Amino acid sequence: MRLASNIVYDVEHLRHVIKEISRHDHFSWDIETIGPYATTPVRNDVAWIAFSAPGVDAVIPMRHPIGSRIIGETKEPRADKNGKVRYFRVPVWDEPPAQLRPSIVFEETFDLFESDREKIAQNLSFDAISIAKHRGGELPKPPFHCTLVSSWLLDENRLNGLKPRVREEFGSDYDQGHTGKHIASTAFDKVARYNLLDTRFTRWLRNRNLAQMAEQRLFPVFHLEMDVLEVLLAMGQEGAPLDVPALHDLREHLETLVEQQEADVYRAAGKAFNLNAARQVAEVLYYPQNRGGQGIKPHKLTSGGKKKKQAGERITQLDYTTDADELAKHAGNPVVDALLTYKETNKLLSTYVYGYLGDPTAKDRPCQIHSGRIHTNFKQYGTVTGRFSSSEPNLQNIPRPNTDLGKRIRGLFIAPPGYKLIIADYSQIELRVLAHFAGPGALFEGFQAGIDPHTITAAGILKLPHDQVTGTQRTDYGKRINFLIGYGGGEHLLAEVAKIPLREAEGIIALHKQGFPEIYAYKAKLLEVARSRRPCHIRTLTGRIRRVPDLLSPAKWIRLKAERQIINSHIQGSAADIIKIAMVRTHAELPEEAKLILTVHDELVTLVPDHLVEKAVEAIREGMLGAGIQSLLSVPLQSDIKIVDRWSEAKE
DNA sequence: CTTCACTCGTGG
DNA sequence: AAATCCACGAGTGAAG
């Protein structure tokens with residue numbers, strides 16, 4: 001490859017490249033970004049863009065700050081973290097060549113991204129949202145192929161970065177360093193080569209992945225994922241509105257609270273120590289009084305402690321857990337009580353408040369709020385089961401509005417004046433999926449009859465008519481067991497969470513087997529099918545694959561874990577299929593001005609102007625429950641829909 | 001200085 | 001006998 005001839009410096013060359021690409025029905029593209037928000041698509045600066053199609057490779061620099069040669073060195077003063085000024089040697093680079101302006105490049109390439117050609121990228125949502133800023137907010141139009149998604153469908157268990165995949169498929173190791181993370185300080189010609197190779201390998205990888213997906217009959221789920229990707233692009237661009245003034249108030253409030261609560265712990269303990277260090281907490285709580293401790297007798301080891309015990313090593317007080325579950329057993333001790341209070345407050349302050357506002361002193365903790373909104377990173381390829389993950393920040397683990405502080409955090413997510421939030425939750429989706437797979441039986445028929453599933457389970461175990469089940473029985477024999485069976489929990493776990501003797505737990509599970517034999521038959525059959533395949537795997541409702549090779553492990557505890565994973569993935573993965581389908585359908589039905597903004601496993605959050613609320617509710621209902629999606633399950637789907645001003649108002 | 005394992009705590 | 005599935009992230013402390 002003669003790199004120089006592939007670098008585009010003028011409009012004539014650019015137009016020629018676009019013409020060449022236009023001969024094909026697909027092309028790949030890739031960008032390089034710089035600036036303080038290089039990894040934030042709604043904020044970053046796009047410095048490079050490259051295109052690749054059969055016989056065409058082009059890389060277009062737009063604002064690379066340096067040239068290709070080091071011509072000297074200077075010293076720059078920088079304060080270290082103790083505030084001391086130190087001098088660092090900094091290379092001086094030659095000037096970069098004259099480059100095309102982004103406005104020109106994105107104007108010339110505008111139609112390419114509007115066309116019906118297949119647009120290919122590795123992690124397409126990053127590149128698409130980043131370039132939309134330069135396209136008057138217009139996202140590229142489908143059809144899409146994101147190679148990160150296709151690679152993940154082909155192997156959900158490995159990390160599907162481009163470089164490892166390229167090494168695997170083509171045996172090429174074209175970038176040993178981390179060029180993509182330091183674009184602005186990397187030589188011009190090196191970035192050009194890197195950007196171009198990324199783009200070309202992405203296109204090649206698309207071809208490999210298409211062939212492998214065809215072999216594995218993964219096209220139906222791949223097309224679903226590409227439809228989901230379109231929805232995700234719109235969500236990523238939109239963001240979730242936040243009550244920023246309330247967030248600042250909450251910071252003030254929590255900071256004073258934490259300070260007081262920290263002092264309360266020290267006072268009770270008679271000394272200061274690091275409250276966030278589990279070992280120091282164990283020392284204070286579990287050491288005897290003559291060694292400055294509280295002399296509490298702990299029950300449960302940490303996971304590391306269990307390993308030590310297994311290995312025959314000596315266990316000390318420091319190997320016992322100090323988690324909230326253990327501490328609750330020692331409530332009444334003044335240190336424990338103060339510590340529990342502190343932990344709750346500190347968790348909310350550091351994870352949620354500082355997590356959103358950022359820490360100006362820490363480079364790796366940026367403010368996550370842009371124009372009053374949070375743009376989380378939803379990854380459709382973020383889990384092994386098919387669910388989404390959410391990061392930077394994670395908006396799928398916002399505290400529930402059960403406590404005052406939890407409510408204040410969740411309440412930060414608001415509808416601006418003139419808008420409403422519509423919160424739509426699938427009710428008991430995993431149990432419905434289980435009933436569908438298990439087929440006719442008490443659970444299946446209960447759902448058909450519209451009876452609450454926890455009541456069904458309790459009635460089945462206690463051999464009572466469902467209208468005679470009391471509230472306590474529903475919780476103890478219904479909810480708790482239903483929770484357990486989805487994850488494959490056993491007698492030991494039931495005994496522990498229900499605080500009952502092991503014998504009693506065994507009895508309850510035996511009764512459940514009697515009342516719901518079809519559930520156990522389904523599990524046995526599923527495992528048999530999974531074991532017969534190589535590698536061992538199951539498929540969800542949409543044909544998504546979860547591979548669990550450990551199913552044939554000679555070690556019994558590894559094999560049992562694999563069995564739980566197989567069963568849980570079949571159910572959790574199929575539920576994920578349903579919510580993904582619902583998102584696509586809802587997005588298509590919603591009026592233009594109504595926007596899906598969040599998805600939390602079984603919940604969709606939509607932001608809607610007041611005058612469109614009724615229409616939007618109808619669209620969401622149709623998207624989540626309409627005939628086209630209901631036909632996937634043999635038991636009825638159900639969704640609870642609430643219209644609110646703050647997310648915290650939607651508690652059940 | 002960076003990276004990693006570990007513990008803990010949120011959510012579904 | 002280590003016996004509950006799937007995530008993200010703050011923070012500690014030791015090792016590279």
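Treat the numbers as computed from the prediction; the structure is a model and nothing was measured. Below, read A as the first sequence line, B as the second, and so on, with proteins coming before strands; counting in each chain starts at 1.
Counting only heavy atoms from C-beta on, A:Gln310 has its side chain closest to C:dA2 among C:dC6, C:dA2, C:dG13. Side-chain proximity of A:Thr383 to C:dG11, C:dC6, C:dG9: nearest is C:dC6. Among the nucleotides B:dC6, C:dG13, C:dG11, the one closest to the side chain of A:Lys307 is B:dC6.
The OH-C1' distance, from A:Tyr356 to C:dG9, rounds to 11 Å in whole Å. C:dA3 atom C1' lies 13 Å from atom CD of A:Glu506, rounded to whole Å. Taking atom CZ of A:Phe273 as the reference point, atom P of C:dG13 lies 12 Å away to the nearest angstrom. As a whole-Å value, the separation of A:Ile566 CD1 from C:dC6 P is 11 Å. Protein atom CG of A:Leu301 is 15 Å distant from nucleotide atom P of C:dA1, rounded to whole Å. Here C:dA3 presents its C1' atom at 14 Å from CD1 of A:Ile567, a figure rounded to the nearest Å. Here the P atom of nucleotide C:dA3 and the CD atom of A:Glu491 are 14 Å apart, to the nearest Å. Between A:Leu494 atom CG and C:dC5 atom P the separation is 16 Å, expressed in whole Å.
Remark on DNA chain C: of its neighbouring residues A:Lys306 and A:Ser391, the 5'-side contact belongs to A:Lys306, judged by nearest-heavy-atom nucleotide.
The residues A:Glu156 and A:Arg547 are annotated as salt-bridged, a charged nitrogen and a carboxylate oxygen being separated by less than 4.0 angstrom. Between A:Lys306 and A:Asp319, none of the side-chain N atoms (NZ, or NE/NH1/NH2) sits under 4.0 Å from a carboxylate O, so this pair counts as no salt bridge. Between A:Arg474 and A:Asp452 there is a salt bridge, since a side-chain N of the basic residue sits under 4.0 Å from a carboxylate O of the acidic one.
In this structure, A:Asn346 reaches neither bases nor backbone, as no heavy-atom distance under 4.0 Å exists between it and the strands shown. At the heavy-atom level, A:Lys556 lies under 4.0 Å from base atoms of the strands shown. Residue-level contact check: A:Ser390 touches the backbone only, with heavy atoms under 4.0 Å from sugar-phosphate atoms and none from bases. Within the nucleic acid shown, A:Arg546 comes within 4.0 Å of sugar-phosphate atoms alone, with no base atom in reach, counting heavy atoms only.
Side-chain atoms of A:Trp557 stay outside donor-acceptor range of the base of C:dA3, with no qualifying N/O pair under 3.5 Å.
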Which donor-acceptor pairs under 3.5 Å do the side chains of residues 481-492 of chain A make with protein atoms, sequence neighbours left out?
from: A:Asn482; atom 1: OD1; to: A:Thr457; atom 2: OG1; distance (Å): 2.8
from: A:Asn482; atom 1: ND2; to: A:Pro453; atom 2: O; distance (Å): 3.4
from: A:Asn482; atom 1: ND2; to: A:His454; atom 2: ND1; distance (Å): 3.0
from: A:Asn482; atom 1: ND2; to: A:Thr457; atom 2: OG1; distance (Å): 3.1

Distance-only donor-acceptor pairs under 3.5 Å for side chains of residues 569-583 of chain A, two or more places apart:
from: A:Ser569; atom 1: OG; to: A:Arg546; atom 2: NH1; distance (Å): 2.6
from: A:Ser569; atom 1: OG; to: A:Gln565; atom 2: O; distance (Å): 2.8
from: A:His570; atom 1: ND1; to: A:Tyr522; atom 2: OH; distance (Å): 2.7
from: A:His570; atom 1: NE2; to: A:Arg539; atom 2: O; distance (Å): 3.3
from: A:Gln572; atom 1: OE1; to: A:Thr385; atom 2: OG1; distance (Å): 2.8
from: A:Gln572; atom 1: NE2; to: A:Asn568; atom 2: OD1; distance (Å): 3.3
from: A:Ser574; atom 1: OG; to: A:Leu541; atom 2: N; distance (Å): 3.2
from: A:Ser574; atom 1: OG; to: A:His570; atom 2: O; distance (Å): 2.7
from: A:Asp577; atom 1: OD1; to: A:Thr542; atom 2: OG1; distance (Å): 3.2
from: A:Asp577; atom 1: OD1; to: A:Arg544; atom 2: NE; distance (Å): 3.0
from: A:Asp577; atom 1: OD1; to: A:Arg544; atom 2: NH2; distance (Å): 2.9
from: A:Asp577; atom 1: OD2; to: A:Thr540; atom 2: OG1; distance (Å): 2.6
from: A:Asp577; atom 1: OD2; to: A:Leu541; atom 2: N; distance (Å): 3.4
from: A:Asp577; atom 1: OD2; to: A:Thr542; atom 2: N; distance (Å): 3.1
from: A:Asp577; atom 1: OD2; to: A:Thr542; atom 2: OG1; distance (Å): 3.0
from: A:Lys580; atom 1: NZ; to: A:Glu225; atom 2: OE1; distance (Å): 3.3
from: A:Lys580; atom 1: NZ; to: A:Glu225; atom 2: OE2; distance (Å): 2.9
from: A:Lys580; atom 1: NZ; to: A:Gln380; atom 2: O; distance (Å): 3.1
from: A:Lys580; atom 1: NZ; to: A:Gly386; atom 2: O; distance (Å): 2.7

- [ ] For nucleotides 7-12 of chain B, just jot down a letter per nucleotide in 5' to 3' order: B, S or -, based on protein non-hydrogen atoms under 4.0 Å.
- [x] SSBBSB
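For A:Tyr266, the ring-ring contact (aromatic ring centres under 6.0 Å, His included) test picks out no residue, with sequence neighbours left out. Take A:His512 and apply the ring-ring contact (aromatic ring centres under 6.0 Å, His included) test, not counting sequence neighbours, and it matches A:Phe516, A:Tyr520.
Nucleotides C:dA2 and B:dT7 have their P atoms positioned 15 Å apart, rounded to a whole Å. When the C1' atom is used for both B:dC8 and C:dA1, the distance is 25 Å, rounded to whole Å.
The side chain of A:Arg564 contributes no N or O atom lying less than 4.0 Å from OP1 or OP2 of C:dC6.
Pairs passing the salt bridge (Lys or Arg N to Asp or Glu O under 4.0 Å) check and including a residue from residues 389-414 of chain A, sequence neighbours excluded, do not occur.
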